[in-house]
Colleague: 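Sending over a structure as structure tokens; questions will come in a sec.
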Amino acid sequence: MKNIMIAGAGVLGSQIAYQTALSGFNVSVYNHHIDTAERRIKALKSDYERDLHLTDKEFQQGLDNIKVITDDIATAVKDADLMIEALPESLELKERFYEKISELTPEKTIFASNSSTFIPSQLAPYTDRPEKFLNMHFANQIWKFNVVEIMGTSQTSQEVIEEATKFAREIKMVPIILNKEQHGYILNSLLIPLLASGLSLWAKGVADPAMIDKDWMISTGAPMGPFGILDMVGLRTAAQIERNAYAQTKDESHKEIADKMEQMIQEGHEGKESGQGFYNYPYPVFMDPDFLKH
């Protein structure tokens, strides 16, 4: 693999694009808003300087490998060896995207989805290459939490699994290969119940986010609680997951939680990226040394 396309430059898409470029691949990025994609990718500079001690020159070398950022799918996918889709968690949106890109993509291109919500057998039927389709699920802050969960379907060829595994290692990820399809993979099968429980406690008025996080952090020694994690993930993604859960189960509690988060989003509280979510950034209260003492 040499040429990699990233579709969607949200929180994770922008990270995947830059990490791939930093690792020496030619990267093209498709995003509806070009300026937003550019801003998000360049905003990673402080994170990479702080956590990986990159110099200005080294960070710029990564940027230089991002050959194009465009709102035209055909331009982005031209000559791609691998396409990683990181679009919002809407099945209808992904369906339209895969049907369109299948018509424009070279036969050689492997399709991978970073979806947290949908397993690959839900998406592969919208493509013209189910044997070359799999999911590659990255954790947020991929330069630091460097795992990628690799999950195929019964139709995915073993060669494609091996190619994806090799690519993951080449961009300095640790591949976690699942033997079968599983909603939530491994990470979210463990994490989502925690986040859902925290959101439920908040929605019911049992305790506020800081108190819930404080209990979890003191009791388990974790560096952050569910609401710190939700801010890192972004409230738009979390709200969409809750809406998907409501659509599937008709459980009113999911709708209530989604509505509460939607109100926060409308007020500009979208999470860490916007500077405010459940906490204020760049100095959230849960990072205060005294937070766990009282």
Colleague: Looking only at atom types and distance, does a side-chain atom of Asp81 sit under 3.5 Å from a main-chain N or O of Lys2, one as donor and one as acceptor?
Modeller: yes
Colleague: To the closest 0.5 Å, what do you measure between CZ (Arg236) and CD1 (Ile241)?
Modeller: 14.0 Å
Colleague: Determine whether Met83 and Leu93 fall in the same hydrophobic cluster, where Ile, Leu, Val, Met, Phe, Trp and Tyr are linked whenever their side-chain heavy atoms lie under 4.5 Å apart.
Modeller: yes
Colleague: Report the relative orientation of the aromatic rings in Phe97 and Tyr30; use parallel for angles under 30°, tilted for 30 to 60°, perpendicular for over 60°.
Modeller: parallel
Colleague: Would you check, one step at a time, whether the test side-chain contact (heavy atoms from CB on, under 4.5 Å) holds for Glu267 with Gln276?
Modeller: CA-CA 10 Å; Glu267 295 171 354; Gln276 189 169 4; over 6 Å; no
Colleague: According to a 4.5 Å side-chain heavy-atom criterion applied to Ile, Leu, Val, Met, Phe, Trp and Tyr, with indirect links allowed, do Val233 and Tyr185 form part of one hydrophobic cluster?
Modeller: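 No.
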Colleague: If the threshold is 4.0 Å, N to carboxylate O, is there a salt bridge linking Asp259 and Lys255?
Modeller: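 Here Asp259 pairs with Lys255 in a salt bridge, since their nearest N and O are under 4.0 Å apart.
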Colleague: Going only through I, L, V, M, F, W and Y residues with side-chain contacts under 4.5 Å, is there a path from Leu82 to Ile66?
Modeller: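 Yes, Leu82 connects to Ile66 through the hydrophobic network.
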Colleague: Can you tell me how the ring of Tyr98 sits relative to the ring of Phe111, calling it parallel under 30°, perpendicular over 60° and tilted otherwise?
Modeller: tilted
Colleague: Can you say whether the rings of Tyr48 and Trp143 are parallel (under 30°), tilted (30 to 60°) or perpendicular (over 60°)?
Modeller: tilted
Colleague: Test Leu22 against every option in Ile171, Asn65, Leu54 by the side chain to side chain contact (heavy atoms under 4.5 Å, CB included) rule and name the one that passes.
Modeller: Leu54
Colleague: More than 12 non-hydrogen atoms from neighbouring residues, nucleotides or ligands closer than 6.0 Å to CG on Asp290, yes or no?
Modeller: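 It does: Asp290 CG has more than 12 such atoms within range.
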Colleague: Does Phe167 form a side-chain contact (heavy atoms from CB on, under 4.5 Å) with Ile84? I'd like the steps, not just the answer.
Modeller: CA-CA 12 Å; Phe167 168 74; Ile84 301 176; 3.9 Å; yes
